[in-house]
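Written below as structure tokens is the structure these notes are about.
On a predicted model such as this, the values are computed, not experimentally measured, just so you know.
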Amino acid sequence: MTPNEEKENIEGLEEELNEEENFSKKEKKKIAKLEEELEKAKADCDHWKNEYYRAYADTKNLRSSLERDHKEALKYRAEGFIEELLPILDSFHMALGNEPTDPALKNYLTGFQFIYKNLVNVLTNEGVTEITPEIETDFNPATMQAVDSVEAEEAGKITKVYGKGYKLRDRLIRPAMVQVSVKKKESQNEESVETDA
């Protein structure tokens, strides 16, 4: 090989190396760009996957909430109807509380008692319970309403029941109407004697 040929060979090899370097720089840029796009796609995928899971959880929670509300609505569906029946029940209590002297009225009373028992059985089957406070028991503000008070030796006791209360399952529909005792106030004379002493 001649020196010129060798020189040409070397120049050819140098050109090939330069082309390969240029080609690899272009490929490296392409690869870097593709890797960048891949990372962006992975980040987008993670973002939308999180959005999907969040939307799925929200939907599941909403479904649970709606089911719970539906069950509550079914459980207490008769509340408004029962509230409208309370005056009728009160009328029955008043009518059945009086003992008639006329035998014909006693027959009517027997019929009313039968109707009242049937009505109470239907309400009991629906989940209604009566709140009937006993005299001389403690006042319970969760199930009773004090409509009157009277002075007594011991405070906070029920002295009279004006009307029964009613609950539908665990929900109070109407509190029992009661009279509650309050502590006796010392008379003015006893207070003035104590202050003079």
Just wondering, do Leu66 and His70 contact through their side chains at under 4.5 Å, heavy atoms? no
Is Glu72 salt-bridged to Arg77, going by a charged N under 4.0 Å from an acidic O? no
Which atoms form the tightest heavy-atom contact between Ala78 and Glu126, and what is the distance? CB-CG, 4.0 Å
Take Glu99 and Lys106 through the test side-chain contact (heavy atoms from CB on, under 4.5 Å) and record every step on the way to the result. CA-CA 8 Å; Glu99 190 64 38; Lys106 285 187 180 184; 4.2 Å; yes
When rounded to the nearest 0.5 angstrom, what is the spacing between NZ in Lys71 and CG in Asp69? 11.5 Å
Ser181 side chain vs Glu151 backbone, donor-acceptor pair below 3.5 Å: no
Check this for me: does any side-chain nitrogen of one of Lys184 and Glu153 sit under 4.0 Å from a carboxylate oxygen of the other? yes
Linking I/L/V/M/F/W/Y whenever any side-chain heavy atoms sit under 4.5 Å apart, do Tyr116 and Val122 land together? no
Going by the angle between their ring planes, with limits at 30° and 60°, are Phe92 and Phe112 parallel, tilted or perpendicular? perpendicular
Glu134 CD: over 12 foreign heavy atoms closer than 6.0 Å: no
Using a 3.5 Å distance criterion without hydrogens, assess whether the side chain of Thr137 forms a donor-acceptor pair with backbone atoms of Pro133. no
Rounded to the nearest 0.5 Å, the CZ atom of Arg68 sits from the CG atom of Asn61 at a distance of 9.0 Å
Test Ile131 against Leu172 for side-chain contact (heavy atoms from CB on, under 4.5 Å), laying out the working first. CA-CA 10 Å; Ile131 303 169; Leu172 184 67; 3.5 Å; yes
Which value, rounded to the nearest 0.5 Å, describes the distance between Glu154 atom CD and Lys183 atom NZ? 8.0 Å
Decide whether Val150 and Val182 are clustered together by the hydrophobic rule: side chain heavy atoms of Ile, Leu, Val, Met, Phe, Trp, Tyr closer than 4.5 Å, transitively. no
How long is the span from the OG1 atom in Thr110 to the CD1 atom in Ile115, to the nearest 0.5 Å? 11.0 Å
Single-linkage hydrophobic cluster Val128~Phe81, side-chain heavy atoms < 4.5 angstrom: yes
For the residue pair Tyr166 and Glu130, establish whether any side-chain heavy-atom pair is separated by less than 4.5 Å. yes
Where is the tightest heavy-atom contact between Pro175 and Gln145, given as atom of each residue plus distance? CG-OE1, 3.7 Å
Is any side-chain heavy atom of Asp170 less than 4.5 Å from a side-chain heavy atom of Lys75? yes
Inter-residue atom distance Lys29.NZ - Ile31.CD1, 0.5 Å rounding: 13.0 Å
Ionic contact status for Asp44 with Lys49, cut-off 4.0 Å: no
Is it possible for you to say whether Leu86 and Val178 belong to one hydrophobic cluster, with membership spreading through side-chain heavy-atom contacts below 4.5 Å? no
Residues Val180, Thr159; criterion side-chain contact (heavy atoms from CB on, under 4.5 Å); working and verdict: CA-CA 6 Å; Val180 181; Thr159 56; over 6 Å; no
Are Lys157 and Asp138 close enough for a salt bridge, meaning some N to O gap below 4.0 Å? yes
Nearest 0.5 Å, what's the CG-CG distance between Leu123 and Asn118? 11.0 Å
Find out whether Ile82 and Leu168 are in side-chain contact, i.e. whether some heavy atom of one side chain is under 4.5 Å from a heavy atom of the other. yes
Any side-chain heavy-atom pair of Leu109 and Leu96 under 4.5 Å: yes
Is there a path of hydrophobic side-chain contacts, each under 4.5 Å between heavy atoms of I/L/V/M/F/W/Y residues, joining Ile158 to Val147? no
NZ/NE/NH1/NH2 to OD/OE distance under 4.0 Å, Arg171 and Glu79: yes
Using distance only, find each side-chain donor-acceptor pair of residues 52-59 under 3.5 Å and give its atom names and separation, not counting sequence neighbours.
| from | atom 1 | to | atom 2 | distance (Å) |
| --- | --- | --- | --- | --- |
| Arg54 | NH1 | Glu51 | OE2 | 2.9 |
| Thr59 | OG1 | Ala55 | O | 2.8 |

Tyr162, OH atom: more than 12 neighbouring heavy atoms under 6.0 Å: yes
Is any side-chain heavy atom of Ile135 less than 4.5 Å from a side-chain heavy atom of Val161? yes
May I ask you to test the Leu89-Leu119 pair for a side-chain heavy-atom distance under 4.5 Å? yes
